[in-house]
Q: 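Can you keep this structure in mind? I'll have questions shortly.
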Amino acid sequence: MHQSFLIYRRARYLKLSLGLMILSLAAYIADARLEQPNGGTWLGYTLGTIGALLIFWLLWFGVRKRKYRSGSGMVSGWLSGHVYLGIALLLVATLHCAFQFGWNLHTLAYTLMVLVILSGFYGVFAYIYFPSRLMDNGGGLSDEAMLTEIAELDGECLAVADKIGDKAHQTMLRSIESTVIGGGLWQQLTATSPRRVQMEAAESKLIDLRNELEEEHTRVMRTLTSLRVQAQIQQQAQQPANPEGSDRTTLFMVDQLAATGSGDKVLAVRQLLDLLSRKKALTARLQRAVQYQALLRFWLIVHVPLSIALLAALLAHIVAVFIYW
Amino acid sequence: MRCLIRTVTRASASHATFKDSECLGDRVTIGRAVGQHVFLPDLRVTLRHARIALAENGRFAIVSRAPSGFLHNGQTTQQAYLQTGDRILLGGYEIRVIPPPADYDLALEVERSRSAKGQELREALMSRVRIGLAATGFGMRRWSWALLLLILVAFLAVPAAGLFHPPLSEKLRAIPGLPSDKVWDVGELASSHHYFGTDCNMCHQKPFIPVRNEACLSCHQGQPWHIDPSLPVVKSPDTDCTVCHKDHNGPEGLIRTESRFCTPCHSKLNAQLSDTGLFTTISDFSHTHPQFKVSLLEPGAGTQRAVRIRLDWTGDLRERSNLKFPHAKHLQAGGVKGPNGQVKLDCASCHTPEAGGQHMQPIRFEKNCHGCHRLTFDPTEPDREAPHGNVQAVLQTLESYYALRALEGGYADPAAPEIVRRRRRPGEQFADEERAAALEWATQKSATVGAELFEYRACAICHTVDKPEPAVPAWRISPVALAQAWFPKAHFTHARHATMDCAACHDAAHSTSSADVLMPGIENCRSCHGDVGDRDRLQSTCVSCHDFHLIDRPPQHAALPSPHPLAQAP
Amino acid sequence: MNTKIAIVGAGPGGLSAAARAAELGVSHVLLEAAPHLANTIFLYQKGKHVMAEPNLLPLRSPLAFTAGSREQVLQAWENGAQQLGVTHRLGAEVKAIAGERGNFSLTLTSGEIVNAECVVLAIGLQGNLRKMGVPGENLPFIQYQLDDPDEFAGETIVVVGAGDAAIENALALAAQNSVTIINRRDEFSRAKEGNLNGILRAIKDETLQCLYNSSPTQVVVTPTDGEGDGKPCELYLSTAEGEARIPCDRIIARLGATPARQFVESCGIRFPNDSPNAVPAVSAQYESNVPGLYIIGALAGYPLIKQAMNQGHEVVEFILGNPVEPADEPLLREKFKPILEGRSVDQMLDLIKTTIPLFESLTTLQLREFMLDSDILKPAPGAVIFRRNDYSDTFFSVLDGEVNIQANPDAPEQTISLHAGQFFGEMTLISGRRRNSTVLAGPDCVLIVTPRRSMLKLINSVEAVQRLIDEVFLIRAIRAQMAPDISDEDLAEVARTALIERHETGQALFHEGDVGDSLYMIRRGSVTVSRDIGGRDVVLSYLAAGNYVGEMSLLSNIPRSATVRATVATETIRLDGEPFKALMKRHPTVFMALQKTARERAASGAKAQQSEREGGDVISFLVKQGLGEATDVLLIDETLCVHCDNCEKACAETHKGTSRLDRKAGPSFASVHVPTSCRHCEHPHCMKDCPPDAIHRAPNGEVFIADNCIGCGNCERNCPYGVIRMAYVENKRRSGMLSWLLFGLGTAPGQDLSATAHHDPGAAKKAIKCDMCKDLSGGPACVRACPTGAAIRVSPEEFMVLTR
C-alpha cells in the first residue's frame, strides 16, 4: 500500500534514468570513434545541454516540494525522479566533460556537482535507513513526550532530594542542570553531551552519599542494638529494685536515634539513584532520537548550499564558455 | 517607603493563610540570607539576590544582584520596573505585586509556587535542549548566498570585468591567485600556441564571438587557402580555421583530422561544380574515393603541362619520357654486365629517398647510370669519355680530341693518313699540306665517332636521338620528360612505408619498357588502408594523404611544374 | 396574577411571542429563569456573530432581527421589548405547569403562582443549567458556561463540578490560569476515560489543584479591606477537614442541566419516542397534546432563531384565533411552482401525503418543515439522479412518474422501476456508505429530494417513518446482497422474522463455538472476524457495511467458526435461519451465492491464519483507532517517514495557514502510524449537532465544514478522534515563496500561522478540519507533499485487505 519513493510507479524514474544513461553512453562511445570527445563537440554540447537542464530541473525540486498547492504530480514522484535523474546526471556530465579536468571553473562546477550528488547518495541512504531506527528508538514516544517525562523525573528527583537534605538537593540540582540534550551540530550528530562529566559526577556523588548514609545507618543501628542489649541487661539486673529508671533513659535515647531517620534517607537516596538511572536511560534515548534526526537531515546542510553553489558555477560555466567561444 | 510583604502559605489549594509583615526603609531586600525582608529559603536563590527600591522616576524598580537574574512576567532579566499585577519568579517562589492597601507604597505577595514547579522544571530543561538542525544556526540560506555570490564574483564577474577594462585583466593575470580569465581556460594550449601565455585575447578577441580567422591570420600570414575563395561553395569563411583547428586540447591536439570535415563538401562538389567536371562524389576512402590519377607530362609540351590520367584508363596509358629504360633488364636476377663485371642491381641502387624520406631523389646519369654506361669513344684511350648532357660539348670534345691526336701523330689507325700514323719526332715541323690532311682526318674521324656515339653506342642506348638532317646540323636528343610528382595532390611518404617491399607496389621486375606506369592504384592502398572505424585496416582519414593547406602549390586543379633538372635544359 | 398568555422562556421565540402580544395589547407575562432576556445568546462569547438562517425565510416578528454581532442582536431585542412594553419577569423559573386551556397555573421556584389562560412553552432544548444552590450563586463572578477558555489568562479560577464539561474546562483553563477544581465526591466517576486520565495527570503534575469531598457553602464578594488575596470574590467550602476559603477571580460551575424533556413531560406533554432527539408533536397551530399549551422554538424542533421568532409571532395569532398564513407559505409556493399546476400549497401538501405513504403520518407542520428543507426535482427522462459509488447522502421520494435503478453494475440494462409513492436512497442514509446503484429518471419523474439531516430528523421524530424505511431497507438489502431475482412474496417470510439489532463498539454478534444459524447483514458500521488461536483473539478479516456474516453455520449447521465483533456502533439485520433455509431450498441460486461466499472466506481465512499474526494485530489496532467507521484515513508508514512535516506544512499552506493534521500525535502499531487527522466517518459524529448545518459530505466522500460555521464547537466536542479544532481563520496575507526562499522574508511556505495570525478582535473562532483538499486537483495535499511515499490516504477496507 505504501510505496517508497525509490519504487514510485514501478520505478519509472529508475527506468528513465537508466535509459538516459545508456543512451548517453552509447552516443559517447559512437562519437568517440569519430572524433576526440570534448565538451565542445556536437555531442558535448548536447550532453551539456541535457546536463544543465537536468540541474535546473533537479534544483526546481526545492521549489516544487514547497509548492504545496501544485497539482504537478506527487512529491514522492518528484523525489524519485530527483534521485534517479541525479544519478544519471553524474554520468551525463562526466561524458560531457569527456574526463577532461583542470584547475578551472569548469572542473569546479563538475566537482560541486559530484559533491552534491554524493551528499544526495547519503541522503537516500539516510532516508532509507533512519526512519526505522527512529521508529524503533522512539517506541511511540515523541520527543516532546520524552522531554516532558524527563522534566517530570527532574521534579520527582528534586522532591526526593529535598527529603534527604541540602547536599542531596544541590547535587541533584547540579545533575539536573547538567542534563543537556542536543546542542550544536556536532553534539547532535554524535549524541554527546557537553556536561556528561558533570552528570556522572553528580551520580557518583550520590553513590558516595548513599554509602555514607548506609554507613551511618549501620552505625546508628549498631548503637541502637547495643543500647537495647544494655537496657535489657540492666532491666534484668535491676528489675526487682528499680522497675523504671535508667532503662527509660535508654529507651528515650533509642527513640531519639530512630528519629534521625537515617533509614529513610538511605531509602530515599536509593530511590533517587533509581530515578536517576531511569532518567539516564530516557535521556540517552532522546539523545539517540535527536542524533538519528540530525543524521537524517544534516546532509541537507551540505546538499542545499552546494547545489546553489553549483547553480552559480553552472551559470558562470555557461556564460564563460560563450564569452570565450 | 512603607511596604507590605504578605506571605501566603497554602497547606492545600484551599487553605491559604496570609501572614503580613511590614518593611520600612529605602529598599526591600530579597534573598536566602537571614534578615532579608523577603526571605526565600530556596537553594536557587542567592543569599542576597535582589532588591527593590524607588527609582528616580517614582516607580519601584527591582534589581538583581545575582548574575542569574530573575523571571519577570516570564522574561529573564536583571532589572525591571514593577507595577501592580507583575509576577516575579525566583527559585521556587513567586512574588506578586498587589495593589497596596491604604498608607502603603508597595505591597508584595510572596508564595512558594506550587503549580509552576513542573512547568518551571520543564522550562529550565527546555532552555538546555537544542533539538533540530534549525537550532544549530547552520543557516543553509546564508551559506547558499555566500557560495553563490563568491562563485559568481570570483569566477564570472571579476574575470568578465577584465574584458571591459584590459589593464585590469592584465593585472589580474599577472598576480597569481587572483581570479582572472585563466579560470575559464578549458585545457592546455597546443604547444605552438604556448607562447601566448595567459593572454586569452590573442585568439578570443571579442566576447561571445567565436574565434575569427583574422586572429589566426595575424600570425599565420599568407596561409594559402584550400580552394579558390571565389568559388560558390565557400561558406562562412570567418570561421573556417576553427572548424579544423580546436585548441585547448593539449600539446598535440590542435588539428582535427576527421574526414567529416572534408566529406560533407566533397560529397556534394560534384553536383555543385558540375560544370567544371573536375569532381566526383567522395564520401569515404574505402568505397567512393575514385581511382588515382597519375600526372603524366603532355607529350611535346616538355615539362610544362601535365595531364592527369586515371590509372584504370583503358586507353594508351604510357609515360612518354623519351628515355629507354627497361626495368626488367636492370633487375635481372643474375645481375647485369657492367664494365667491371656482373653487377647485381635492385631498386635502391638507383632510387634513394630524399631527405625527409617522402619522395625519391631524382635519377641522375652521373650518379645512377654512369657506373655502367661509360661514355668512352676511342678504344685506344678507354679512360677518355664524352661529356653527358650536351650535344655540342660532345662534338667539340670529339673534334678537339681527334685534332690533337692527328697533330700528335702516332695514331694507330690503318685508315688514317700516314701523317697521322707516323710518329713525330719532337720539334718536327708540319708542312701545311700535312697539317691540313691531318686535320681533315681528325674532322672526319670525330664525325664518324660522333655518329657512332649518338646513333649506336652511348646516347642511343637510353635516349631517343634524331640524326642530323640537312635542316638540322647536329644530333638532337629528345628531352627527358620524367614525371616527378605522380600524385601531386597527395602526399605519400616512402619513409613510412620503408618496411614494405618496393615490389609490393611497383611491379618493376616485369616492366620491359620505360613507358610502363608503375604507380600502384587505389586498390593497392586499400589493401592496407581503410576509413576511420575500419577494424581490419589502418584507419586513415582524408588528411592522411591530402593536405588541406596547399603550401607552395597552386590550387590543386591547376597542373604542376616538374622540378626535374632536364626540364630546365634548353 | 392572571393573564391571557403566559410565555415561558425569553429566548427568541418567547420574546417574539411576548412582543407580538404586547403589540396587540393582549395581557401576557414573559417568564425567564435567567437574569437576562435571551440568555443563551447573552452567554455567547463577546462579539460572536449571530446568524440569521434560513436566509430565504421572511421574518415575522415585531422585534428586529438581522445577522450581526451578539451585542447588536441583544440590543435590538432589548430596545424592541422596551418600546412595545413587554411584561417580563427575569429570574422567574417555572417549576411546574398544571391545568388546562383557560386555567393554567404556573408555579415558580420562588413558590409564587402565575395563572394564565394559555401557556406558550419556548424554553428551548438546553434545559436549565444547574446552579450551585448556595448564597451568592448569582454573583457576576460565577458563570455556568464557558465558551472560550482562552479568554482568561492569569486568573485564579475555581471550577466546580466533576463531569466532563468541568474537567475539560479546568484542563483548558489551567494552561493560562491557576485553577482549582472542586469535586463533591472522592473521585471523578462520571468522566470519560480520556478526561479522567487528563485530570488525574494534571493533579499529579500540580498543573491544577483538586479538592475532593468538598462542596461550596457560599460565595462572597471580597470585602475591600479584607484578606482577599486581591481577588474579587471568595468561595467558601466545606471540606472533610473543615471549612476552606478560596479567593479567586472567577468561579465556573459546570453542574449540568436539568433536561428540558423532564420538565416538559411533567407538564403532561408526550414525546413520540425515547430518542434523545425526539421532539414533542405539535399541531399546525403549535398546540401540544395538552390543549392550550403551545410549544414553539427549539423544543418543537425548530432550532433556528428566525423560525422561533416567527413561531412566537404566529402562536399569539393562533391563540387569539386569527388565521395566519404560515411564514413559509411563499417559500413553499415557490418550491412547488414547477408542479403546482393551479393547486394551492395546502392541496399540494395533501397530495404529497396521500401519494407517498411514508409521509402519511406527518403532521402538517412537520410536512411543511420537511418540504421547506427538501427540493422538488423534475429530471428529464434518462437523467442520472445519482451514480453508483457517489457519496451523496440525500433521500429521494417519488412523487410522480418512475425511476429506474441499475442495481447490477455488470448488467446496466437490468433495471428495477420504482413508481410514485416509493422512495430510494435509504441505503446510503442508513449505512453512511457510497451509493450501491445508479438511478436514472424515468418518464414524468417528479422527485422530492431531502437532505440527510432533515431525513434523520424526521426518522427520529416520527416512528412510522422509521418503521417504513426499515422495512423497505430490509427487503432491498436482502435482495441486493444475496437474492437479486426473488420476488417480494418469496422474501416476505424472511423479512417478517428479520430483526434489526444494534451492537455497541466491541460487542460480539456471536462468538466462536456458539450454536446458531442466523445470518447477519451489516447495515451500518463494520465488524471484525476473529478466531481464538493459541488463546489469543486473532483478527482474520474486517467487513464493512453492506456485507453479511454467519453464512457458514447457516449452510452447514455447525457451530460458529469465528467470533464477529462490532468495531463501532453497528446495526445488523438478523435473518432467522429456518425461513432462510426454506428460501434457499426454493431458490438454489441464493444457496449457490452463499456457498460461494462461504468458500472464499474459508480460503482467505485459512490463508490469514497461516500468514503472520501481525496482519491481524494491525487490523485490531486500526479498528481500535476508529477505522471501523472511517471511509478514508491518513496512514503513515513509519519506516518511510523522515519526519519532515511536509504533510503538515502542505495542509497549513492549502488551508489558510492552519494545519488540520498533527503528524506526531496519534498512535502507532508495527510501522503503521495513524496521525491525528480526519477519518471521514461513515456517519460523521461531527455532523450530528451542527446548528448552521455547515458540515457536509462532498460527492467524493469528503466531510467538510462550510463557511457558514458559527464556531459553536459542537463538532469539536462530538469528534471522538480529536481532529477538529477551533481556530481563528488566518487573514494575514502570506508572502510569496520566492521572498522566503531567497531572503527568508515573510512566511515560510506551509508555516503554521495559527499561532501568529492576526485576527480581528471581533472575529470568532471557527471549526476547522480536514476536507481532503476536495477543492484541489490531484487529491489531498498531505499525501501529495510526502517526499518518501510514507503518507497515504486509503479506505480502511482496501488497507485491511492489503495489510495481509
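Nothing here was measured: the structure is a model prediction, and the numbers come from that model. Proteins come first, then strands; the chains are lettered A, B, ... in the order of their sequence lines, and each starts at number 1.
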Q: Considering all heavy atoms of both residues, which atom of B:Gly187 and which atom of B:His248 are nearest to each other, and what is their separation?
A: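 Nearest pair, atom of B:Gly187 first, then B:His248: O-ND1, 3.0 Å.
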Q: Would you mind checking which part of B:Val532 comes under 4.5 Å of any heavy atom in chain A, side chain (CB onward), backbone (N, CA, C, O), both or neither?
A: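 B:Val532 touches chain A through side-chain heavy atoms alone.
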Q: With the side chain counted from C-beta on, respond yes when A:Ile181 and A:Met146 share a heavy-atom pair under 4.5 Å apart, and no when they do not.
A: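 A side-chain contact under 4.5 Å is absent here.
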Q: With a 4.5 angstrom heavy-atom cut-off, is it the side chain or the backbone of A:Val290 that approaches chain B, or both, or neither?
A: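 Side chain only.
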Q: Using modelled atom types and a 3.5 Å cut-off, is there a donor and acceptor pairing between side-chain atoms of B:Trp184 and backbone atoms of B:Phe155?
A: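 Present.
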Q: If you count heavy-atom pairs under 4.5 Å between each of B:Leu148, B:Asn249, B:Asn201 and chain A, which one has the most?
A: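 If we count pairs closer than 4.5 Å to chain A, B:Leu148 comes out on top.
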Q: Taking the ring centre of each residue, are B:Tyr93 and B:Phe70 less than 6.0 Å apart?
A: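 Aromatic pair excluded; centres sit 6.0 Å or further apart.
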Q: Specify which of A:Leu311, A:Leu310, A:Val321, A:Leu300 makes the most heavy-atom pairs with chain B at under 4.5 Å.
A: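 Most heavy-atom pairs within the cutoff with chain B belong to A:Leu300.
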Q: Given heavy-atom pairs under 4.5 angstrom as the criterion, report whether the side chain, backbone, both or neither of B:Ile131 touches chain A.
A: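 Answer is both: backbone and side chain atoms of B:Ile131 are under 4.5 Å from chain A.
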Q: Can you tell which of B:Thr541, B:Thr257, B:Leu163, B:Leu150 has the highest number of heavy-atom pairs within less than 4.5 Å of chain A?
A: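 Ranked by contacts with chain A, first place is B:Leu163.
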Q: How are the rings of A:Tyr292 and A:Phe130 set relative to one another: parallel (under 30°), tilted (30 to 60°) or perpendicular (over 60°)?
A: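 Ring orientation of A:Tyr292 relative to A:Phe130: tilted.
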Q: Of the non-hydrogen atoms in B:Leu254 and B:His193, which two are nearest, and what is the gap between them?
A: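 Closest pair (atom of B:Leu254, atom of B:His193, distance): CD2-CE1, 3.9 Å.
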Q: For B:Ile209, is it the side chain, the backbone, both or neither that has a heavy atom under 4.5 Å from a heavy atom of chain A?
A: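 B:Ile209 touches chain A through backbone heavy atoms alone.
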Q: Name the region of A:Leu112, side chain, backbone, both or neither, that has any atom closer than 4.5 Å to a heavy atom of chain B.
A: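 When you check distances to chain B, only side chain atoms of A:Leu112 fall under 4.5 Å.
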Q: So for A:Thr283, is it side chain, backbone, both, or neither that comes closer than 4.5 Å to the heavy atoms of chain B?
A: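 Contact with chain B: none, neither part.
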Q: Any idea which of A:Leu315, A:Thr179, A:Leu286, A:Leu306 has the most non-hydrogen atom pairs under 4.5 angstrom with chain B?
A: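 Between A:Leu315, A:Thr179, A:Leu286, A:Leu306, the count favours A:Thr179.
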Q: Among A:Val319, A:Leu147, A:Leu189, A:Asp154, single out the residue with the greatest number of heavy-atom pairs under 4.5 Å to chain B.
A: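 Top count of heavy-atom pairs under 4.5 Å with chain B: A:Leu147.
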Q: Parallel, tilted or perpendicular for B:His289 and B:His546, by the 30°/60° rule?
A: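 Correct class here is parallel.
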Q: Parallel, tilted or perpendicular: which fits the ring planes of A:Tyr122 and A:Phe125, with parallel below 30° and perpendicular above 60°?
A: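 Because their plane-to-plane angle lies in the 30° to 60° range, the rings of A:Tyr122 and A:Phe125 count as tilted.
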